[in-house]
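Below is one structure, written out as C-alpha cells, with a few remarks after it.
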Amino acid sequence: MLKKLTELKGEERLERDIFLPNGLIILGEGTVLKKLYIEKLGEIGISEVHIVEESESKDIYDTLKEEHHAIVKNVFERHIYQHDTVLSELRETAEEIVEKILENEDVSHNLINIREKSTDVYEHSLNVCAYSTMIALRFGWNKHKIPDISTGALLHDIGLRYINADYMNEDIENRNDQIGKEYRKHPVYGYTAVEKYDWMSKTAKDIIFMHHCTLDRTGFPMMLKHLPKEVQIVAVSDLFDRKISGIGCKQMKVYEILEYIKVISGVKYDKEICDCFTSMVATYPNGTKVKLLTGETAMVIKQNGDFKERPVIRLICDKDGNNVKAEEIIDMMKNQSVFINEVLE
C-alpha cells in the first residue's frame, strides 16, 4: 500500500525497500518506521513509501520470534543455575509454537522468506524449531508427536552454553585445534544436561545428541548406523539456519545453501527431507539484488507463492549500469521472458 509520509504516525512496517537512485538501500523491507526515520526520509526528498497493511504486517515467523525470543533467552541463561526446573518451561513454549503454526491455515503452502543476517543462538533455536515443525506437518505426522520434535529443536544447541569459544561466523566445526574440538562436544554436553529429565522424550534427547550426525557418518560426536528421521529433520533445519546466521561456520547466501543441500541430499540426509526443506524456502529472498540475462540489475521485492524461482522484482539499473529513474516492477510469473542470471553481493 502506497502512503504519503504525512499520513504516517510511526510503527508502520515497510512493504518494500527504500533505496537511493544509485541502488543503495537505506531502509529494508520489513523495517518498522520510527518517527525519526519518517522525518529523515522527508528531509532527503522522499514523500511516499509502500507500507504493509496492518493485517499482513507480520508473518508467522516474525510473530513467533517476537513472542518467544525473550522467553528462550531467559530460560537458556537461567538453566546453568536452575537446570530441570527452568528447562521444562520450553516444552510449553514448543507446544505453543506448534499450535501457532497449526492455526495458520496457509502455512503449509507459504514460502519461508529468509532475511540474510546474523542471529543469536536464541533466534537460531526458534528458527530451527519453526522449520522443523513445518517439515513434520508437511509430512502429515501426528500433531501429538510433533511437540517432541519441536522441543528437541528448541533445545538442540543447549550444549553451546557449556563451551567457551567464539563460534560466530567461524568455520569452527572443521577446525582441529582445541577450540574446534571443544565445539564438537556441544551435542554431548547438551545431552548430558537433559539425560535424566523425565519430562523430555527420548526423541527430543536424541535430537540434542545427534543433530550434527550424518548418514555418511562424517558428522559428530559419533558415527551412527541409523539416524532417526526426526533427528534428520532438525539436522537439515539446523544446517540451513547455521549457514545463514554464521553459527559455527561462515555465513552463506540462501541460494548457495539451497544448492549445497541439493548436493548432500541422499548422502548426508534423507532425500525426501532435503527436498521438502528446499521446497519451503524462497530461492531469492526479498531484498536480494540480482542480475538478469539481459544485463539489467534488479531487486527482489515480493515472492510468488510456491513459484520460488519466479519472484516479483524492481529494476534498479539498465544493462549499461545506468540507474533506472522511473519505477518498473516485473512479475516474473506474468513475464516469462525474464530470467535471473546471477545473485549480486
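- Ion pairing between R175 and E170 holds under the 4.0 Å rule for side-chain N and carboxylate O.
- Remark: the backbone N or O of I149 is not paired with any side-chain donor or acceptor of E230 at under 3.5 angstrom.
- Taking a cutoff of 4.0 Å between a charged side-chain nitrogen and a carboxylate oxygen, D216 and K268 qualify as a salt bridge.
- A distance-only check finds a donor-acceptor pair linking the side chain of R310 to the backbone of N335 [under 3.5 Å].
- Taking the six-membered ring for Trp and the full ring otherwise, the centers of F240 and F277 sit less than 6.0 Å from each other.
- Note on ring orientation: taking the six-membered ring where Trp is involved, the planes of Y167 and Y183 are tilted (angle from 30° to 60°).
- With respect to the salt-bridge test (charged N to carboxylate O, under 4.0 angstrom), the residues E43 and K40 qualify.
- Between F209 and Y191, the ring-plane angle classifies as tilted under the 30° and 60° cut-offs.
- Residues H186 and H156 place their aromatic rings such that the two centres sit no closer than 6.0 Å.
- Between E12 and K3 there is no salt bridge, since none of the side-chain N atoms of the basic residue sits less than 4.0 Å from a carboxylate O of the acidic one.
- A salt bridge links D275 to K271: one of the charged nitrogens lies within less than 4.0 Å of a carboxylate oxygen.
- Using a cutoff of 4.0 Å between basic side-chain nitrogens and carboxylate oxygens, K202 and D206 are scored as salt-bridged.
- With salt bridges taken as basic N to acidic carboxylate O contacts below 4.0 Å, none links R161 and E77.
- Salt bridge absent: K253 and E256 never bring a charged side-chain N and a carboxylate O closer than 4.0 Å.
- A cation-pi arrangement is present between K243 and Y260 under the rule of less than 6.0 angstrom and at most 45 degrees off the ring axis.
- Under a 4.0 Å N-O distance rule, the pair R78/E89 qualifies as a salt bridge.
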Query raised in the report: Where do D241 and H124 land on the side chain to side chain donor-acceptor pair (under 3.5 Å) test, with the steps shown first?
Result: CA-CA 7 Å; D241 201 71; H124 166 66; 2.8 Å; yes
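- Between Y197 and W199, the two ring planes are parallel [angle under 30°; tilted spans 30° to 60°].
- The salt bridge (Lys or Arg N to Asp or Glu O under 4.0 Å) contacts involving residues 146-155 comprise R91-D148, where partners must be two or more places apart or lie in separate chains.
- E296 has no carboxylate O lying under 4.0 Å from a charged side-chain N of K319, or vice versa, which leaves the two without a salt bridge.
- The nearest pair of heavy atoms linking L224 to C213 is CD1-SG, 3.8 Å.
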